[in-house]
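For reference, the structure is listed below as structure tokens.
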Amino acid sequence: MSERSQLVHRARELMEAASPDPPGCEPTVTPGGERALAAEHWLLAAAEDRARARADWKESGRALLRCGTLFAAVRLSARIVYAAAQTTCLADIDTYLARALHEGPVFLDQLTHRYYVLVGATTGYRSEWNQPRCEDAEFIELCAS
């Protein structure tokens with residue numbers, strides 16, 4: 001297997017591990033509108049002021065949320081995301097991530113070129129994340145301060 005094929009294979013494994021549905025399980029079948037509403041409620045539960053966060057989110061696509069017990073993140077290097085998506089086109093990557101992560105919340109830090117997939121706090125208990133950290137993917141617990 002070539003080095004590129006190995007990278008694509010590893011990237012796809014990591015994307016599956018970052019998915020909101022546990023590996024080996026069928027994806028949860030939920031209509032897109034319901035899933036988006038559930039994600040919105042889940043995220044807004046972490047807002048100090050839900051009304052303000054909802055208004056900010058609607059106006060600018062951004063909202064300030066507190067981290068802690070509700071969610072954590074999987075940090076992925078752009079390199080691994082590009083390999084999994086087999087493209088560097090941001091629009092195509094957005095489409096790929098939406099499909100691969102079942103429309104789950106993800107954002108790109110344009111300064112560090114890392115993607116952050118917001119996941120339930122218990123995702124870190126999965127066996128995939130019991131391995132030593134690597135530069136391309138890592139489960140990070142977000143602590144409230």
Side-chain angles (χ1 to χ4, degrees), residues 1-47 53-145:
M1 187 183 293
S2 73
E3 185 177 330
R4 174 158 173 72
S5 295
Q6 289 176 337
L7 178 61
V8 169
H9 179 72
R10 180 65 179 139
R12 296 234 165 109
E13 285 178 339
L14 291 168
M15 292 303 298
E16 184 176 307
S19 172
D21 296 306
C25 292
E26 289 296 315
T28 307
V29 178
T30 308
E34 284 184 37
R35 194 169 182 94
L37 186 60
E40 179 182 333
H41 284 283
W42 177 63
L43 289 168
L44 286 174
R54 180 175 275 122
D56 289 347
W57 197 343
K58 186 174 183 174
E59 181 180 312
S60 68
R62 298 182 185 127
L64 185 60
L65 305 175
R66 294 173 302 180
C67 300
T69 59
L70 285 181
F71 58 87
V74 172
R75 181 172 47 210
L76 300 167
S77 69
R79 177 182 103 103
I80 208 76
V81 173
Y82 296 165
Q86 296 187 335
T87 184
T88 58
C89 172
L90 292 180
D92 291 343
I93 288 170
D94 287 350
T95 301
Y96 172 80
L97 290 173
R99 188 179 67 251
L101 300 172
H102 310 290
E103 302 288 335
V106 60
F107 62 92
L108 168 63
D109 179 337
Q110 293 180 335
L111 184 63
T112 64
H113 302 285
R114 293 183 188 263
Y115 286 83
Y116 291 83
V117 180
L118 297 184
V119 295
T122 60
T123 299
Y125 299 134
R126 291 190 201 162
S127 61
E128 296 91 342
W129 301 112
N130 291 334
Q131 301 171 16
R133 295 177 178 185
C134 71
E135 68 181 62
D136 287 321
E138 149 179 48
F139 175 81
I140 43 179
E141 294 181 62
L142 303 170
C143 301
S145 52

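On a predicted model such as this, the values are computed, not experimentally measured, just so you know.
- Using cut-offs of 30° and 60° on the angle between ring planes, the pair Y116 and F107 is parallel.
- Atom CG of D92 and atom OH of Y82 lie 12.0 Å apart (nearest 0.5 Å).
- Interatomic distance, L90 CG to L108 CG, rounded to the nearest 0.5 Å: 7.0 Å.
- Across D136 and R79, no two heavy atoms sit closer than the pair OD2-NH2, 2.8 Å.
- Within the 4.5 Å cutoff, side-chain heavy atoms of F139 are placed close to those of V119.
- Between V81 and the choices V117, T87, L97, the side-chain contact (heavy atoms from CB on, under 4.5 Å) rule is met once, by L97.
- Nearest heavy-atom pair, I80 versus L76, reported as atom, atom and distance to 0.1 Å: CG2-CB, 3.9 Å.
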